[in-house]
Protein chains: 2
Amino acid sequence: MTRRMDPLTAEVLDLIGTVVARYHQEYDAAAAVHHLTGAQARVLALLATDPLPMRKIAERLKCEPSNVTGIVDRLEAQGLAERRNNPADRRVKLAAATDRGRATAEQLRDSLEFAREPLAALSEGERGVLRDLLARMVR
Amino acid sequence: MTRRMDPLTAEVLDLIGTVVARYHQEYDAAAAVHHLTGAQARVLALLATDPLPMRKIAERLKCEPSNVTGIVDRLEAQGLAERRNNPADRRVKLAAATDRGRATAEQLRDSLEFAREPLAALSEGERGVLRDLLARMVR
DNA sequence: TATTGTTATACTCTATAACTATA
DNA sequence: TATAGTTATAGAGTATAACAATA
């Protein structure tokens with residue numbers, strides 16, 4: 001059922017594994033500065049753009065809705081998010097970032113060292129090439 | 001203390017975020033086929049190459065040594081790994097993959113859909129460019 | 001009846017601290 | 001004393017199943 005892959009693809013895959021590991025380290029460290037876990041920071045980043053029903057957050061995170069309850073609870077406990085009722089459908093609760101939550105999300109995004117150190121090693125032209133290749137991979 | 005980043009860098013960072021998310025989905029799904037969690041699969045992949053002291057595994061995973069105990073316990077319970085004594089230093093325990101463990105690790109690696117579908121969208125020349133850019137990012 | 005969010009439960013991963021057996 | 005591994009503990013994320021409120 002499995003298939004061998006060519007050496008170049010294996011090499012790229014290995015590098016992506018390294019990038020993935022590095023990305024998580026940096027992301028979690030940046031989140032920890034604000035006393036947030038990675039999952040909490042990810043949800044806060046989602047809410048910073050727009051309020052979202054709990055169910056939609058679960059879809060974005062690709063996890064079960066029951067898990068979102070706890071994550072939003074912890075954001076709420078830190079005053080970074082709040083739950084709002086939806087008059088149009090009273091079953092729905094909208095999670096929304098507070099002003100402090102939005103400010104934290106912005107700081108978090110701007111402080112991602114990952115964006116600077118590793119990417120700074122590339123010229124602007126090379127970053128453009130990288131963008132195009134990644135975009136086609138992810139498409 | 002934070003600094004704005006240029007739009008191109010932000011775009012690349014976003015793409016990397018997408019790649020990271022996709023990578024984890026695929027990796028965890030591939031691991032689940034073998035009744036393994038992501039962490040267990042990662043340790044098994046390490047052991048497939050060479051036996052390692054518990055302490056070294058923790059360093060590679062960048063986690064505390066106490067966590068490795070449980071992960072290796074679960075691999076051992078499935079007959080995929082075993083602990084061996086080190087005669088040279090009897091404090092050390094070497095975790096080693098069993099034959100079944102090595103076979104599982106190989107299947108796991110070859111079954112990584114991530115390597116095929118997204119990377120297949122690129123030509124061999126493009127994969128080479130991607131490898132070089134990622135290698136320079138990662139150093 | 002179906003859907004939204006929550007609660008209850010159990011498992012894994014994580015860090016911290018204390019313990020053991022070696023060195 | 002110091003080091004390797006374990007145990008104990010607590011917090012967080014995860015899936016599953018059952019539940020209340022609402023549609």
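Numbered from 1 within each chain, the chains take letters A, B, ... in sequence-line order.
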K.L.:
Would you mind telling me which of dG5(D), dG13(D), dC13(C) lies closest to the side-chain atoms of Val92(B)?
P.N.:
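Closest of the options to the side chain of Val92(B): dG5(D).
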
K.L.:
How close or far is atom C1' of dA4(D) from atom CD1 of Ile57(B), stated in whole angstroms?
P.N.:
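Nearest whole value for this atom pair: 12 Å.
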
K.L.:
Quick one: is Arg83(B) getting a side-chain N or O under 4.0 Å of the dT6(D) phosphate, OP1 or OP2?
P.N.:
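Looking at the OP1 and OP2 atoms of dT6(D), one of them is under 4.0 Å from a side-chain N or O of Arg83(B).
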
K.L.:
Passes side chain to side chain contact (heavy atoms under 4.5 Å, CB included), His34(B) versus Gln40(B)? Steps please.
P.N.:
CA-CA 10 Å; His34(B) 299 274; Gln40(B) 290 162 16; over 6 Å; no

K.L.:
Where is the tightest heavy-atom contact between Ala97(B) and Arg102(B), given as atom of each residue plus distance?
P.N.:
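Taking Ala97(B) first and Arg102(B) second, the nearest heavy atoms are O-NH1, 3.1 Å.
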
K.L.:
Out of dC13(C), dG5(D), dA15(C), which has the shortest distance to the side chain of Glu64(B)?
P.N.:
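Output: dA15(C).
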
K.L.:
Of the nucleotides dA4(D), dC13(C), dG5(C), which one has an atom closest to the side chain of Arg55(A)?
P.N.:
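Minimum distance to the Arg55(A) side chain belongs to dG5(C).
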
K.L.:
Is any side-chain heavy atom of Leu130(A) closer than 4.5 Å to one of Met137(B)?
P.N.:
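The answer is yes, as the side chains (C-beta and beyond) meet within the 4.5 Å cut-off.
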
K.L.:
From CZ of Arg60(B) over to C1' of dC13(C), roughly how many Å is that when rounded to an integer?
P.N.:
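Answer to the nearest Å: 20 Å.
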
K.L.:
Select base, sugar-phosphate, or nothing to describe what Arg90(B) touches, counting heavy atoms under 4.0 Å on all strands.
P.N.:
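Result for Arg90(B) = sugar-phosphate.
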
K.L.:
Write down the distance between CG (Asn67(B)) and C1' (dA4(D)), rounded to a whole number of angstrom.
P.N.:
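Atom CG in Asn67(B) sits about 15 Å away from atom C1' in dA4(D).
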
K.L.:
Closest nucleotide of DNA chain C for Asp73(A) versus for Ala39(B): which of these residues is on the 5' side?
P.N.:
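Residue closer to the 5' terminus by nearest nucleotide: Asp73(A).
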
K.L.:
Could you give the side-chain donor-acceptor pairs of residues 12-22 of chain B under 3.5 Å, partners two or more places apart or in another chain?
P.N.:
from     : atom 1 : to        : atom 2 : distance (Å)
Thr18(B) : OG1    : Asp14(B)  : O      : 3.2
Arg22(B) : NH2    : Val138(A) : O      : 2.6

K.L.:
Would you say Leu36(A) and Gln78(A) make side-chain contact, with heavy atoms under 4.5 Å?
P.N.:
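Heavy-atom side-chain distance check passes, below 4.5 Å.
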
K.L.:
Figure out the CD1/P separation between Ile71(B) and dC13(C), and round it to whole Å.
P.N.:
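Taking CD1 of Ile71(B) and P of dC13(C), I get 5 Å after rounding.
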
K.L.:
Does Thr37(A) reach a base, just sugar-phosphate, or nothing at all? Heavy atoms under 4.0 Å.
P.N.:
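Thr37(A): backbone/sugar contact only, no base atoms under 4.0 Å.
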
K.L.:
Among the nucleotides dG13(D), dT14(C), dT6(C), which one has an atom lying closest to any side-chain atom of Ser66(A)?
P.N.:
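Closest of the options to the side chain of Ser66(A): dT6(C).
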
K.L.:
Within the pair Arg74(B) and dC13(C), is there a side-chain N or O less than 4.0 Å away from OP1 or OP2?
P.N.:
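Checking Arg74(B) against dC13(C): at least one side-chain N or O falls below 4.0 Å of OP1 or OP2.
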
K.L.:
Expressed as a whole number of angstroms, how long is the span from His24(B):NE2 to dG13(D):C1'?
P.N.:
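Atom-to-atom, His24(B) to dG13(D), this comes out as 13 Å.
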
K.L.:
Take the protein atom CG of Asp89(A) and the nucleotide atom P of dG5(C), then report the distance between them rounded to whole Å.
P.N.:
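Roughly 8 Å, once rounded to whole Å.
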
K.L.:
Specify the separation, in whole Å, of atom NZ of Lys93(A) and atom P of dT4(C).
P.N.:
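For the pair Lys93(A) NZ and dT4(C) P, the rounded distance is 14 Å.
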
K.L.:
Reading DNA chain D from 5' onward, which residue's closest nucleotide shows up sooner: Gly70(A) or Pro87(A)?
P.N.:
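Here Gly70(A) is the residue nearer the 5' end.
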
K.L.:
Nearest of dT6(C), dG5(D), dC13(C) to any side-chain atom of Pro65(A)?
P.N.:
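Per side-chain heavy atoms of Pro65(A), the pick is dT6(C).
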
K.L.:
Ignoring the backbone of Cys63(A), work out which of dA2(C), dA23(C), dA15(D) is nearest its side chain.
P.N.:
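From the listed options, dA15(D) comes nearest.
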
K.L.:
Atom CG of Leu44(A) and atom CZ of Arg74(A): how far apart are they, to the nearest 0.5 Å?
P.N.:
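One gets 14.5 Å once the value is rounded to the nearest 0.5 Å.
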
K.L.:
Return whichever of Met54(B) or Arg42(A) has its heavy-atom-nearest nucleotide of DNA chain D closer to the 5' end.
P.N.:
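Checking each residue's closest nucleotide, the 5'-ward one belongs to Met54(B).
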
K.L.:
Can you figure out which of dA15(C), dG13(D), dG5(C) approaches the side chain of Pro53(A) most closely?
P.N.:
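So the nucleotide nearest the side chain must be dG5(C).
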
K.L.:
dG11(D) C1' sits how many Å from Asp28(A) CG, rounded?
P.N.:
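Whole-Å distance recorded here is 15 Å.
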
